[in-house]
Every structure is written in C-alpha cells, then in structure tokens.
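The next block holds one structure in the form of structure tokens; read it before the comments.
Computation of the quantities below employed the complete heavy-atom set of this structure, encompassing side-chain atoms and omitting hydrogens, waters and symmetry-equivalent molecules. It should be emphasised that the depicted structure is a prediction, and the values quoted were computed from it without experimental measurement.
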Amino acid sequence: MTWAGRLGAGSWGLGLVLPLLAALPPWASAPPGRLLAGLDSQLESLAFQWRGPQPAPPDPLILAIDDESLSLNELLDERQRRASPLWRSMGPWPWPRALQAELAALVLERGAARVVFNLVHDQPSRYGPADDAAFVRRLAPWRDRLVLATSYTVAARDGLERVQLGRPQPHPGWSTGLPRQGLTMVLQSPQGVSEAIPGRQWLAAHLAGFDGPPLVPLAFAAAGTAPPEPFLGLDHRGPAGRFERVPAWQLLEQPASRWRGRTVLIGVTASELGDQQETPFGPQSGTEVQAAALASVLGGTGRLPLAASGQLALLLAWGLLAWWALRRGRTSRQTLAISAALLALALLLAAGAWGLARLRPPAAALLLAPLLAGLGRSGGQGWREQRERAYLHQLLARRISPALLRDILRQPGPIWTQVGGSRCRCVVLFTDLVGFTALSARLEPAPLFSLLNRYFEAIASAVIEEQGLVDKFIGDALMAEFGVPRSRGDGEEALAAVRAALAMQRRLEVLNGDLLAQGIEPLRQGIGLHLGEVIAGNLGSSERLEFTVVGAAVNLACRLESLTRQFPDQSILISGELRALLPPAFPVVDLGRHALKGWPEPVAVFGLGGAVVAAADPAAAEH
C-alpha cells in the first residue's frame, strides 16, 4: 500500500477527532484552536452577509457628530449660524465639552431615557477648566441617566506593550460621584472584524491591575446589567447608516417625540476623523459599532457561545454520529455522499443555533470533522477500489476481449452482479484433449500442470482475439461462448467462433513442435461448435457468482467435441445450425447425420480440418 493509501485508510479517524478536540475550551489558545476560532469568525461574517441587512432597532438613536456638523461654516452663512446657539458653537473638532453637554441635555429634556457618550473625556478640556465645569454643571441633574466612555488602548514601545485606561476626569461638580462608566473596547476576530463585547473573563484578565471602580462594557453599563462570563457576539444589522441617526446640527429641528424614551448614543461618525472599524458589512465608524453593541444588549439579540459543558456534549455527540454514519459507507462514493449529508446537517445545526437560539456554536469544528474524515475514508476506499478494479480488469481481460471488456465497463448493468439469467442465442465452443488421461498418468504433477498452462494459454488467446468469452476450464477442457453477454449478430458470431477454432488448431501445431523438440508426446484436441438458444447469466449465491450459459445447446456442443474421436482427420466438428450461418462457399466436409447421446433426433455434422483449414483461412497456409 502506498503512503497515500495508508493515510486515507488508517487515519480518517484522526481527521474526525482532531477538529473536535481543537474546538474544546482547553485548546482555545493553541494554534489549532485559534485557527478554528478564525474560521468560526469568517463563517459568522458570511452568515451576516447571507442574512442581509435587518430593520433598525428602536434603540439606540445616534446623535451623530457627522461631516456636516463639523463643517457648518461651509454649509451656512454667518447670519444663519448666528440664528442658533448650537450652530454658533459648532466648528472643527474637538468641540467644547460645554457643547457636548448641551447636546445631551437637550435630548434628556425632551424625554430621552438615557444618554451614552462614545466620546472619551480622559484629559482636561483643551478649552480650560471652565469648559469641564460647564459640562458637569449642565448634566448634573441627569447624572443617573448618563454613561461616560472609558477607553482601553495597547501601545507598543521599545518591544514592550503598554496598556492604558482612559477614564473620565473626576470633577468636584459630580458631588455624588461620577456617572456610570463603560468600556468602549470591542473584541475583534483574527481577521480584524469587530465581533463581540468582552465578558467577565476578559475583564478579569485584562483589568485586574487597574485601580478605580470596576468597569463593564459600555453597552452593559447603559443597560445596567452584568456582562456574561465569556463574551457576547455582536448582532450586526447591516452596512453603515443602518441605525437611525440625527446629525448634531439638526437636533433642534426634531420633535420631542423622536427622543422620548429612547437611548441616545452621542459619538463621532465623520469619516474625516478616522475611527473606522471593520464589520461583516464593511468599514463603519466606532460609534456605529457601539450602536450595534447597544442594540445587541438592549434588544437581547447578541449571541452567546455555548457553555463548556454544552460544547463538550455537542462535540462528543457529533463525533459519535459522524463516526457511525461514515462507517456505513461501503464505497468511496457512498462515503462522500454521507460526508456531504453530514456537512449539510452541520450547516443546518449551526444556522439554527445561530439564527434561532442566538448561540455561537463551534461551526468550523462541526464542518471540518466530517469533511476531513469523509475525505480521508473515501480516499482510502477509493485507493482500494482502484486497486481492486485494476485487478478485476486484469482478470476479466484474461477471459474476454478488450473490446468486449470496454463495452461491458461502459454499460455494466446487472449482468455481472445479480443472480439470474436471460434467454439468448450464442455459439458454444467445447475443446478437450484426446488421450489426456493416459498422458497425465505418465507425467509428474508439476510438469503436467505446466503443460496444461501452456496449452490453455495458446487456445484461450484465440477466443479472446475473436471477442469471445472464456467461460471456464474443466480439467483439460475449455468452454467458451461467442455472442454473450453482447452479440454482434448470429452470422458474425458464427464466423468468429470458426476463426477461433481454426486458430486453436494452428497454435496447437506450433506447441506440438516445441513439445517434440523436448521429447514430449504431442497433444491432440477435439473441438465442437454449435449455435443455439441458451440461458446466460449468473449461477451461484449472492456471495459467490459465476457467469455462464446453460441449455441444450451447451450439451450438443460437448457431444460434437466427443464425436471427434470417431473422425481422426476431423478435429473440429460443427452442427448444421452453425453451418447454415457460414457463407455457402465456406469449405466444410459433410459427415452426415449422427445420433448423439441425449439428443432426440440425429444431428447434421460437418467437419473443418485438413485441406479445409487452408481453404477456409489463408493465414493457415503459412504454417
């Protein structure tokens, strides 16, 4: 067995087990686990794209610091800007914190449930302490309805990573303490796609060394709930601009009903300020990603990974099912079909868990396990099947002609694989050695066996060359048919059988010349040919079949071969039915009608031999 065959035959179980093991939590940080995590992320991105854009949820409503709000001096003239206190304050970024506070206060006065800042105030205002004081003073009445942003950054310097938290600046104006704070951190996939909100595990691992009150992600701070243990997958709603938004400079033009009871997210969406993050629907501003996070938490649409126990149970059950199913494949095609069915089932399970149960299953492991195992097992089976086909082809090529073999392989049908037969007409050829019993008594078994092989090699090839079927070897006898399992017509098969018989006679003469040179007594043979109706098909059991023909025509051909003992000069005898299919001028010797054992009426017998051979086949004259 080649290395490829051994690989496919012996290691398909590894292909099944390894992806399932790599998906378990203990292996999550190992290279195989990271590879599967990356594949899961790509599959989820594809799932979002396949699902397509979804309707915008009611929360949050983005109060956008957009390109227009930052360039009002280009949109409005001086008179128009003086008409609004907000417009007078708006200019290039960064805006005064007093203006940011005014935006928040206005929507809160109009009934907003809460305001979430996606703007980090971790440094004193560039406009001075008075600006910070104005921010606190304006928003102090709504402290409990505010969520301020804290940033988490990692900077590499001199080969070392430095982690920083950008917390909001404390101020005496917050007499009862700062408002709630939320972390703007969003976890990214290995491909850099924003995909999840950190959970308690991440917070404990990355924020343990920092002082100050404990932090939760911005979305959970807004909802007032604790984050889950692992993480919460983002529910991306669509491409940029999917969430409802109001440009900051148009705030005063909106009716109060638009804000009432809403969660308002204030943040920068202007493309000129950067802060673009990758999503399954393309780049989006950090504020839009935070909006997706808020919607995932407030609307309960985020996706949780399976618990460790649930993931273990799922992977174990899936592995057992795939093992059982793949072992049902008896052939490489069946195994590939089963593998494809398992892949389809895995996709349905993953889609159901993702879309209906809002869970993040280990989809890559569920898909890779039957894929790798199926390819491995079918590869091993295919290698064995190819080897068996080559062996069977070699065996069949010794029984039938290459042309007939190609015909059968093109249209195999049930003729070689099912018990039973069908009626047809064919030429049956029997040949036997004359006086072989006495010869076998004089020779040792080994040389006798060798002699028979030389004899059968000479005469069987004559059958195959004429596209006949070597049916069986019976001791020193050979049985062959012309016209099964495919017939070229009675006339063509009759001529082919006669040519084969004449070729047998010539080749026996050549063999006898070699035997005489070795001091071995020459062989004599008798050949009988008859055309008639037979039953052709498989005899035996479902476990062991043999293709052959049965019927009175077989018996008659055998009787004609035995009759050659009465005509020493005629070693080939044919029936009248066969003679009728030969050309009228074909040289034969009419030997009259003879009563044959088991046959109700005398049979017309004709001989081919002696001078007749040369006349019938000019090639014989060369010998």
Side-chain angles (χ1 to χ4, degrees), residues 392 395-396 398-432 460 462-474 477-501 527-563 572-583 593-606:
L392 292 175
L395 289 179
L396 283 174
R398 294 176 181 270
R399 295 192 62 186
I400 58 180
S401 70
L404 180 57
L405 178 57
R406 287 193 299 268
D407 186 30
I408 292 171
L409 292 177
R410 280 196 301 266
Q411 298 177 334
I415 190 169
W416 301 100
T417 59
Q418 296 181 8
V419 175
S422 59
R423 291 182 177 275
C424 64
R425 285 170 61 82
C426 73
V427 178
V428 181
L429 180 151
F430 257 100
T431 179
D432 194 5
V463 175
I464 293 174
E465 288 169 5
E466 291 296 339
Q467 301 189 35
L469 172 67
V470 176
D471 191 308
K472 60 174 65 70
F473 299 99
I474 312 168
L478 176 145
M479 175 179 170
E481 293 89 44
F482 296 82
V484 291
R486 307 279 191 264
S487 176
R488 296 165 290 180
D490 287 353
E492 181 62 30
E493 299 299 349
L495 285 171
V498 168
R499 288 194 298 267
I527 301 174
L529 297 167
H530 173 61
L531 181 140
E533 189 174 82
V534 297
I535 300 295
N538 293 301
L539 288 178
S541 68
S542 59
E543 301 297 326
R544 174 68 170 87
L545 298 177
E546 180 178 274
F547 185 85
T548 189
V549 298
V550 296
V554 178
N555 296 331
L556 182 53
C558 184
R559 296 290 182 263
L560 288 172
E561 184 277 322
S562 298
L563 190 61
I572 304 175
L573 300 183
I574 65 174
S575 66
E577 288 81 359
L578 183 62
R579 172 64 185 92
L581 293 171
L582 300 177
R593 304 182 73 85
H594 294 266
L596 300 178
K597 182 179 179 180
W599 209 254
E601 298 178 357
V603 176
V605 179
F606 297 83

Mind checking what makes side chain to side chain contact (heavy atoms under 4.5 Å, CB included) contact with A580, not counting sequence neighbours?
none

Output the distance between atom NE2 (H530) and atom CD (E561), rounded to the nearest 0.5 Å.
15.0 Å

Once you round to the nearest 0.5 Å, how far does CZ of R593 lie from CD of E601?
7.5 Å

Kindly indicate, with the supporting measurements, whether the criterion side-chain contact (heavy atoms from CB on, under 4.5 Å) is fulfilled by V463 and L469.
CA-CA 7 Å; V463 175; L469 172 67; 6.0 Å; no

Minimum heavy-atom distance S487-G489, with the two atoms named
OG-N, 3.1 Å

What's the shortest heavy-atom distance between L495 and P583, and which atoms?
CD2-CD, 3.8 Å

To check you understand the geometry: which heavy-atom pair defines the closest contact between A536 and V549, and what is its length?
CB-CG1, 3.8 Å

In Å, rounded to the nearest 0.5 Å, how long is the span from OG1 of T431 to CZ of F473?
11.0 Å

In this structure, CG of L478 is separated from CG of L429 (nearest 0.5 Å) by 7.0 Å

Run the numbers on I574 and L560 for side-chain contact (heavy atoms from CB on, under 4.5 Å), then give the verdict.
CA-CA 7 Å; I574 65 174; L560 288 172; 5.8 Å; no

List for me each residue that meets side chain to side chain contact (heavy atoms under 4.5 Å, CB included) alongside A500, sequence neighbours excluded, and say none if there are none.
E466, F482

Sorted by chain and number, sequence neighbours left out, side chain to side chain contact (heavy atoms under 4.5 Å, CB included) with P600 holds for none

Can you name the residues that form a salt bridge (charged side-chain N to carboxylate O under 4.0 Å, His left out) with E481, not counting sequence neighbours?
none

Residues which pass side chain to side chain donor-acceptor pair (under 3.5 Å) with R488, listed by chain and number, not counting sequence neighbours:
E493

Looking at CG of L578 and CG of L531, how far apart are the two atoms once the value is rounded to the nearest 0.5 Å?
6.5 Å

Non-neighbouring partners of C558 that pass side chain to side chain contact (heavy atoms under 4.5 Å, CB included), sequence neighbours left out
F430

For A501 against I527, the heavy-atom pair lying closest together:
O-CD1, 3.8 Å

Output all residues satisfying salt bridge (charged side-chain N to carboxylate O under 4.0 Å, His left out) with R425, sequence neighbours left out; order by chain, then residue number.
D490

Rounded to the nearest 0.5 angstrom, the CG-CG distance for L556 and L529 is 10.5 Å

Give me the atom names and distance for the closest heavy-atom approach of V428 to A557.
O-CB, 3.6 Å

Quick one: closest heavy-atom pair of V534 and C426, and the distance?
CG2-SG, 3.7 Å

Give a yes or no on whether the backbone of K597 and the side-chain of R559 come within a donor-acceptor separation of less than 3.5 Å.
yes

Taking side chain to side chain donor-acceptor pair (under 3.5 Å) as the definition, give me every residue that meets it alongside E533, ordered by chain and number, with sequence neighbours left out.
R423

